[in-house]
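Predicted, not measured: the structure shown is a model, and the values here were computed from it. The chain is numbered in sequence order, starting from 1. Only heavy atoms go into these numbers, but all of them, side chains included; no hydrogens, no water, no symmetry mates.
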Amino acid sequence: MRLRIAVSVTVLVLLLIFGQAFALLTMYEEMEEDFILGILDEQLEYSIEVSRRSNELVLPNTPTMKLYRLRGGEPPPAGLTPAIAALPIGNHEIFEGEREFHVAVREADGARYILSYDESDHEARVRAVSTAVIVGAVFLGVLVLALVYALAGRLSRGLETLAARVGQGRGGTAYARAGMERELLAVARALDVAEARQAELLARERDFNANLSHELRTPLAGIRSDAEMLAARADVPEPVGRRALRIVAATDRITALAESLLLLAREARPQLVDTLRLDDAVNEAWASLTAQRSEAPGLDTDIPATALVQADPALLALVLRNLLDNALRHGEGRAVSCRLAGTRLLVCDRGPGFGDGDPARIFDRFFRGGAHAGHGLGLALVRHICQACGWGLSAANRDGGGACIEVDFDLRPGEA
């Protein structure tokens with residue numbers, strides 16, 4: 001903005017300077033023309049008057065003027081070109097090559113008087129004045145650009161400071177401060193109001209999600225307990241037992257959904273950071289997913305035992321469980337691969353992949369894709385945790401079919 005202001009003001013100043021210079025040069029040119037015509041008229045009148053009295057031709061005393069007299073029966077004077085000799089009576093401007101001449105033609109007492117004036121000196125003066133104006137304008141333009149840029153920086157320093165505070169966070173203090181300029185103070189107050197409104201809305205949303213999650217736990221626990229007891233009774237018919245088990249599974253999914261909503265409502269910051277073996281964390285997450293499955297595909301892992309990650313165990317388990325669960329549901333019963341490439345953990349399936357569009361949309365809340373879509377919060381929760389822990393997260397279709405989700409940890413080698 002500083003540069004735009006400086007350039008705009010400089011262009012405006014240059015336009016004013018060149019406009020005034022053009023007007024002055026035009027006026028100077030007209031005044032010079034009138035001056036030259038006046039000199040030619042005076043010189044011709046004087047020469048004609050002298051010729052009447054003494055029959056002598058009085059020549060101008062300047063080398064830029066040449067006077068010729070034509071009389072009937074006399075040869076043309078030396079130096080008089082046919083083009084000038086054929087000019088009618090009056091004042092004329094002609095060019096011979098690159099040189100311009102003013103020519104005045106008069107008749108008196110049967111003689112023809114021709115006075116020519118070489119404008120080379122006049123044109124040189126005009127060029128000198130134009131050059132001085134251009135050089136002065138450029139100098140003033142540079143000076144104005146530097147001064148306005150410095151002045152704009154001084155005036156916008158408060159705005160830059162405010163922008164830096166907004167980027168870094170105000171740290172519990174208001175953006176509006178005493179001593180601010182009126183316009184800057186208005187912006188700072190608007191930012192304070194907008195941030196307070198945003199914080200209020202965010203707190204309200206978090207409270208709602210947290211309360212909803214807590215209120216759901218008690219009835220869900222009762223439903224699950226009753227369903228388990230019903231399925232465990234020996235005198236219950238087999239179809240009823242299967243329905244009871246489905247109730248248990250549905251209750252678990254609702255509980256997981258409530259837990260996801262609760263965690264999404266919070267900042268999910270790491271509470272207890274520990275050094276963990278990544279291969280053990282992956283195997284434990286896979287085992288918890290497949291514990292109640294009668295048939296489960298295999299897990300192909302390629303993670304060195306020396307790969308350690310600094311993480312909160314609970315948050316890392318949530319990330320791995322959701323990634324493996326997503327690959328398990330969309331892998332169409334085929335083995336899931338989990339391998340480490342440098343600091344990047346890749347969880348891949350052999351299903352249909354993400355299809356057309358941006359794969360990153362799978363991390364949006366409530367986005368559901370594929371024939372075995374979940375509740376749309378698992379991968380959103382993964383992104384939420386990765387952002388809080390400072391881990392990179394991306395998604396792409398794998399070569400040969402399937403989908404891959406990549407988490408970039410800050411890993412370090414170590415002893416198991």
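In this structure, D192 contributes its side chain and A176 its backbone to a donor-acceptor pair below 3.5 Å. Of the possible donor and acceptor atoms, none in the side chain of S225 sits under 3.5 Å from a partner among the backbone N and O of A221. Side-chain atoms of N326 never come within 3.5 Å of backbone atoms of N322 as a donor-acceptor pair (strictly under, hydrogens ignored). The closest donor-acceptor contact from the side chain of D312 to the backbone of A314 lies under 3.5 Å. Side-chain N or O atoms of R334 include none that pairs as donor or acceptor with a backbone N or O of D349 at under 3.5 Å. When atom types are taken as modelled, the side chain of S288 and the backbone of A285 share a donor-acceptor pair closer than 3.5 angstrom.
Listed here is the closest heavy atom pair of A108 and R52: CB-NH2, 3.7 Å. Closest of all the heavy-atom pairs between D279 and P304 is CG-O, 4.4 Å. The shortest heavy-atom contact between R398 and S337 is NH1-OG, 4.1 Å. Across every non-hydrogen atom of Y68 and A78, the tightest pair is CE2-O, 3.6 Å.
In terms of the side chain to side chain donor-acceptor pair (under 3.5 Å) criterion, residue partners of R242 (sequence neighbours excluded) are, by chain and number, E238. Applying the side chain to side chain donor-acceptor pair (under 3.5 Å) rule to E32 yields the partners H122, R125; only residues at least two apart in sequence or on another chain are considered. Shown here are the disulfide (SG to SG under 2.5 Å) partners of C348, two or more places apart in sequence or in another chain: C404. Q387 is linked by a side-chain contact (heavy atoms from CB on, under 4.5 Å) to R383, counting only residues two or more places apart in sequence or in another chain. With sequence neighbours excluded, no residue satisfies salt bridge (Lys or Arg N to Asp or Glu O under 4.0 Å) with E100. Taking D41 as the reference, R106 meet the side chain to side chain donor-acceptor pair (under 3.5 Å) condition, with sequence neighbours excluded.
Checked options V13, T10, V9; the residue passing with L145 is T10 (criterion: side chain to side chain contact (heavy atoms under 4.5 Å, CB included)). Partner C389 forms a side chain to side chain contact (heavy atoms under 4.5 Å, CB included) with one of V319, L315, V309, L316 and no other, that one being L315.
Two residues are said to be in side-chain contact when any heavy atoms from C-beta on lie closer than 4.5 Å; I114 and L87 fail this criterion.
Sparse packing is recorded around CD of Q20, with 12 or fewer heavy atoms of other residues, nucleotides or ligands lying under 6.0 Å away. Counted within 6.0 Å of CZ on R243, heavy atoms from surrounding residues, nucleotides or ligands total 12 or fewer; the atom is thus considered open. When the shell of 6.0 Å around CZ of F18 is examined, it contains more than 12 heavy atoms from other residues, nucleotides or ligands.
In this structure, SG in C338 is found 5.5 Å from CG in L324, a value given to the nearest 0.5 Å. Note: L345 CG to L320 CG = 6.5 Å, rounded to the nearest 0.5 Å.
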